[in-house]
Amino acid sequence: MGLFSSSIALWDDKSQRLDLDMTKEDLYSTLKLLDALFFKARLVDVENSIEYNVTPEGKIVPTETCCFAVWGKDSPCTNCTSMQAFKSKSQLTKHESIGSVQFHILSKYIEFNHKPYVLEVVIKETHNVMS
């Protein structure tokens, strides 16, 4: 990895660390793609309950949005899979609802340039069943 390269660390289901070269611009592109494919994709600092954006230049900047605000809550979720994923360096999922709309949340612990985050991917459930 070169002097100006970045890295992302992931853990598999056997708690094995996988280091990948990824530039800040790659991180931006990846999050943009995930956000286009799913209802929402974001980086979360669960220790401070802060949601982060990644700029096109690859800067990771905190928003003024608490991570739990998207669920219409005033405090962290009691069943916060992102906090549990953070603590265990793992991946967890849960369901949340806003009114009658159901969401499936995947929380994956990652480290980008040695800083811990949780990548959350939110899928809006459609209840359309193919036969």
Side-chain angles (χ1 to χ4, degrees):
M1 185 166 43
L3 181 62
F4 298 105
S5 295
S6 300
S7 67
I8 189 166
L10 308 170
W11 280 258
D12 66 16
D13 59 354
K14 296 176 183 150
S15 298
Q16 298 295 310
R17 182 183 169 121
L18 175 63
D19 291 302
L20 303 169
D21 288 344
M22 176 181 267
T23 66
K24 291 179 179 182
E25 293 81 7
D26 291 339
L27 180 62
Y28 169 78
S29 297
T30 299
L31 281 173
K32 190 164 177 70
L33 175 63
L34 289 172
D35 201 46
L37 290 171
F38 301 104
F39 180 77
K40 187 170 190 64
R42 62 188 185 164
L43 289 180
V44 176
D45 169 356
V46 294
E47 292 181 307
N48 298 302
S49 301
I50 297 172
E51 181 177 330
Y52 283 82
N53 285 331
V54 180
T55 68
E57 299 78 33
K59 289 186 178 184
I60 300 173
V61 293
T63 68
E64 294 184 14
T65 305
C66 292
C67 60
F68 48 81
V70 70
W71 309 118
K73 297 185 178 193
D74 296 325
S75 60
C77 303
T78 56
N79 62 341
C80 181
T81 52
S82 293
M83 178 58 82
Q84 293 305 316
F86 177 82
K87 288 179 179 177
S88 62
K89 293 184 178 179
S90 66
Q91 174 179 303
L92 296 165
T93 62
K94 72 173 180 177
H95 285 88
E96 259 322 311
S97 57
I98 300 174
S100 62
V101 182
Q102 296 289 312
F103 298 90
H104 185 81
I105 298 95
L106 176 130
S107 300
K108 175 79 173 175
Y109 176 83
I110 66 169
E111 290 177 6
F112 188 72
N113 287 341
H114 309 288
K115 293 181 183 173
Y117 300 95
V118 174
L119 169 64
E120 283 188 0
V121 177
V122 181
I123 301 163
K124 184 177 179 182
E125 295 185 2
T126 63
H127 301 289
N128 294 336
V129 178
M130 301 286 293
S131 55

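If you read the sequence from its start, that first residue is 1, and numbering goes on from there. Since the model is a prediction, treat every value here as computed from it, not as a measurement.
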Engineer: Which heavy atom of Arg17 sits nearest to which heavy atom of Ala9, and what is that distance?
Structural biologist: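 What the structure gives for the nearest pair is NH2-CB, 3.4 Å.
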
Engineer: Just so I know, are the side chains of Asn79 and Glu96 near enough to count as touching, which here means a heavy-atom distance under 4.5 Å?
Structural biologist: yes

Engineer: Give the cluster check for Val61 versus Val54: same hydrophobic cluster or not, with ILVMFWY residues linked at side-chain heavy-atom distances below 4.5 Å.
Structural biologist: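 No, Val61 and Val54 fall in different hydrophobic clusters.
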
Engineer: A side-chain contact here means heavy atoms from C-beta on lying under 4.5 Å apart; do Tyr109 and Pro116 qualify?
Structural biologist: yes

Engineer: Would you indicate whether the side-chain heavy atoms of Lys40 and Asp35 approach each other to under 4.5 Å?
Structural biologist: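 Asp35 vs Lys40: side chains touch.
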
Engineer: If I take atom CZ from residue Phe68 and atom OG from residue Ser82, how far apart are they, to the nearest 0.5 angstrom?
Structural biologist: 12.5 Å

Engineer: Is the count of non-hydrogen atoms from other residues, nucleotides or ligands lying under 6.0 Å from Lys124 atom NZ greater than 12?
Structural biologist: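 12 or below, so no.
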
Engineer: Please name the pair of heavy atoms, one in Tyr52 and one in Pro62, separated by the smallest distance, quoted to 0.1 Å.
Structural biologist: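 Closest approach of Tyr52 to Pro62, heavy atoms only: CD2-N, 3.4 Å.
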
Engineer: What is the distance from atom CG of Leu10 to atom OG of Ser90, rounded to the nearest 0.5 Å?
Structural biologist: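 Answer for the CG-OG pair, Leu10 versus Ser90, is 12.5 Å.
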
Engineer: More than 12 heavy atoms of other residues, nucleotides or ligands under 6.0 Å from CG of Asp74: yes or no?
Structural biologist: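 At most 12 heavy atoms, drawn from other residues, nucleotides or ligands, come within 6.0 Å of this atom.
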
Engineer: Can you tell me how far the SG atom of Cys77 sits from the CE atom of Met83, to the nearest 0.5 Å?
Structural biologist: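 That separation rounds to 11.0 Å.
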
Engineer: Got a donor-acceptor contact below 3.5 angstrom from the Thr81 side chain to the Ser107 backbone?
Structural biologist: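 Not a single qualifying donor-acceptor pair exists.
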
Engineer: Determine, step by step, whether Trp71 and Ile105 satisfy the side-chain contact (heavy atoms from CB on, under 4.5 Å) criterion, reporting the C-alpha distance in whole Å, the side-chain angles of both residues, the deciding distance to 0.1 Å, and the verdict.
Structural biologist: CA-CA 11 Å; Trp71 309 118; Ile105 298 95; 3.6 Å; yes

Engineer: Treat each ILVMFWY residue as a node, draw an edge where side-chain heavy atoms are under 4.5 Å apart, and state whether Ile98 and Phe38 are in one component.
Structural biologist: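 The answer is no; the residues belong to distinct hydrophobic clusters.
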
Engineer: Please step through side-chain contact (heavy atoms from CB on, under 4.5 Å) for the pair Glu51 and Glu120, ending with a clear verdict.
Structural biologist: CA-CA 10 Å; Glu51 181 177 330; Glu120 283 188 0; over 6 Å; no

Engineer: With clusters defined by side-chain heavy atoms of hydrophobic residues (ILVMFWY) lying less than 4.5 Å apart, directly or transitively, does Ile8 cluster with Leu33?
Structural biologist: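 Same hydrophobic cluster.
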
Engineer: Nearest heavy-atom pair of Thr55 and Tyr28: which atoms, and what distance?
Structural biologist: O-CD1, 3.2 Å

Engineer: Out of Val44, Ile110, Leu27, Val46, which residue meets the side chain to side chain contact (heavy atoms under 4.5 Å, CB included) rule with Tyr117?
Structural biologist: Ile110

Engineer: Using 30° and 60° as the class boundaries, would you call the ring planes of Phe39 and Phe103 parallel, tilted or perpendicular?
Structural biologist: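 Ring orientation of Phe39 relative to Phe103: tilted.
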
Engineer: Give the minimum heavy-atom separation between Pro56 and Glu25, together with the two atoms involved.
Structural biologist: O-CG, 3.9 Å

Engineer: For the atom pair CG (Leu43) and CD1 (Ile50), what is the distance rounded to the nearest 0.5 Å?
Structural biologist: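 Here the rounded value is 12.5 Å.
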
Engineer: Restricting to non-hydrogen atoms, name the atom on Glu47 and the atom on Asp45 that form the minimum distance, rounded to 0.1 Å.
Structural biologist: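 What the structure gives for the nearest pair is N-OD1, 3.1 Å.
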
Engineer: Answer with yes or no whether the hydrophobic clustering places Met22 together with Ile60; edges join I, L, V, M, F, W, Y residues whose side-chain heavy atoms lie under 4.5 Å apart.
Structural biologist: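 Both belong to a single hydrophobic cluster.
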
Engineer: For the residue pair Leu31 and Leu119, establish whether any side-chain heavy-atom pair is separated by less than 4.5 Å.
Structural biologist: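 Counting from C-beta outward, Leu31 and Leu119 do come under 4.5 Å.
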
Engineer: Between Arg42 and Val122 (side chain of the first, backbone of the second, donor and acceptor by atom type, cut-off under 3.5 Å), is there such a pair?
Structural biologist: no

Engineer: Between Leu92 and Leu18, is there shared hydrophobic-cluster membership here, with clusters defined by ILVMFWY side-chain heavy atoms closer than 4.5 Å?
Structural biologist: no

Engineer: Of all the heavy-atom pairs spanning Lys94 and Cys80, show the shortest one and how long it is.
Structural biologist: NZ-CA, 4.1 Å

